[in-house]
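Hydrogens, waters and symmetry mates play no part in the numbers below; they use all other heavy atoms, side chains included. In this chain, numbering begins with 1 at the start of the sequence shown.
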Amino acid sequence: WSYHMGLVPLLVLLLLSFTPCGDAFSLDRWRRLRKGTPVPAADVPTRAHGMGRYLVWMGVAIPYVMAGLSKLRNTGFSWWRGEQMRQMILATVVEPMHFQFDLAFLMLRGPVWLFDLRGIVALATEVTFGLVLVHRLARLVLPALMAGTHVGILLLQNILFPDLIAIQAVFYDWSPLARRVAGWRRGRVAAAA
């Protein structure tokens, strides 16, 4: 049956197919190097690469905003209310799923304000996720909150969205970590020689 699992990564892959990105791994770069023609430096950002990255960000952010707005449109502001959240969690816990975490049963006995808090955070994160397109602090905070929301869905509702957890990494700059790993590897190679 048709479900939203995998649609956001599919959209991102389509965007990556038609935008310049990841030149270090591209066939075009490899072909140019093999022919001896000049290639741009891999660590120098270009406007075209920035546009590709921004389109990927849009491909992730817009579906989240639309999901949050559809919750508000279909259910109203009561979507985040504790009793509504409790019913959603209970409905998914009683269905047989791939995972069987008992955290949901413990939480169902908890106070309603815990469900209120979970619902408010999830809805606010989805509705405001579009801010990652225009604000640096939002790019640091909202993807981590969204990944946490998906981990919470796994633990409380036994529903795994590995693609939506992992795709949050596109909003972070991993180049300092890559440089650190490269330096560590060079040190190990030098020590072994």
Got a donor-acceptor contact below 3.5 angstrom from the Thr75 side chain to the Leu72 backbone? no
Has the side chain of Tyr172 got a donor or acceptor atom that lies under 3.5 Å from a matching backbone atom of Leu140? yes
Any donor and acceptor pair, going by atom type alone, linking the side chain of Trp57 with main-chain N or O of Gly52 inside 3.5 Å? no
Any donor-acceptor pair under 3.5 Å from Arg139 side chain to Val132 backbone: yes
Mark yes or no for whether Asp163, through its side chain, and Pro9, through its backbone, hold a donor-acceptor pair below 3.5 Å. no
Starting from Val8, can I reach Leu14 by hopping between I/L/V/M/F/W/Y residues whose side chains sit under 4.5 Å apart? no
Please answer: with hydrophobic residues joined when any side-chain heavy atoms are less than 4.5 Å apart, are Phe18 and Leu13 in the same cluster? no
For Leu69 versus Val127, what's the shortest heavy-atom pair and its separation? N-CG2, 4.3 Å
Would you compute the distance between atom CG of Leu123 and atom CZ of Arg81 and round it to the nearest 0.5 angstrom? 13.0 Å
Contact summary for Gly130 and Ala61, nearest pair of heavy atoms: CA-CB, 4.4 Å
Any link between Trp80 and Val112 through a network of hydrophobic side chains (Ile, Leu, Val, Met, Phe, Trp, Tyr) touching at under 4.5 Å? no
Any donor and acceptor pair, going by atom type alone, linking the side chain of Trp79 with main-chain N or O of Asn74 inside 3.5 Å? no
Which residue in the set Leu155, Thr149, Val151 passes side-chain contact (heavy atoms from CB on, under 4.5 Å) when paired with Ile153? Thr149
When rounded to the nearest 0.5 angstrom, what is the spacing between CD1 in Ile159 and CD in Gln157? 5.0 Å
What class does the angle between the rings of Phe129 and Tyr64 fall in, given that below 30° is parallel, 30 to 60° is tilted and above 60° is perpendicular? tilted
Gap between atom CZ of Phe171 and atom CZ of Arg53 - 0.5 Å precision: 11.0 Å
Is there a donor-acceptor contact under 3.5 Å from the side chain of Thr37 to the main chain of Arg32? yes
Taking side chain as C-beta onward, heavy atoms only, is Leu156 less than 4.5 Å from Arg118? yes
Distance col, row Met66:CE vs Arg73:CZ, nearest 0.5 angstrom, shows 10.0 Å
Is any side-chain heavy atom of Met146 less than 4.5 Å from a side-chain heavy atom of Glu126? yes
Rounded distance (nearest 0.5 Å) linking atom CE of Met58 with atom CG of Leu11: 10.0 Å
Which pair of non-hydrogen atoms, one from Pro143 and one from Ala138, has the smallest distance, and what is that distance? CD-O, 3.3 Å
Evaluate the side-chain proximity of Leu142 to Leu131: yes if any heavy-atom separation is below 4.5 Å, no if none is. yes
Are Val170 and Leu10 linked, directly or through intermediate hydrophobic residues, by side-chain heavy-atom contacts shorter than 4.5 Å (ILVMFWY only)? no
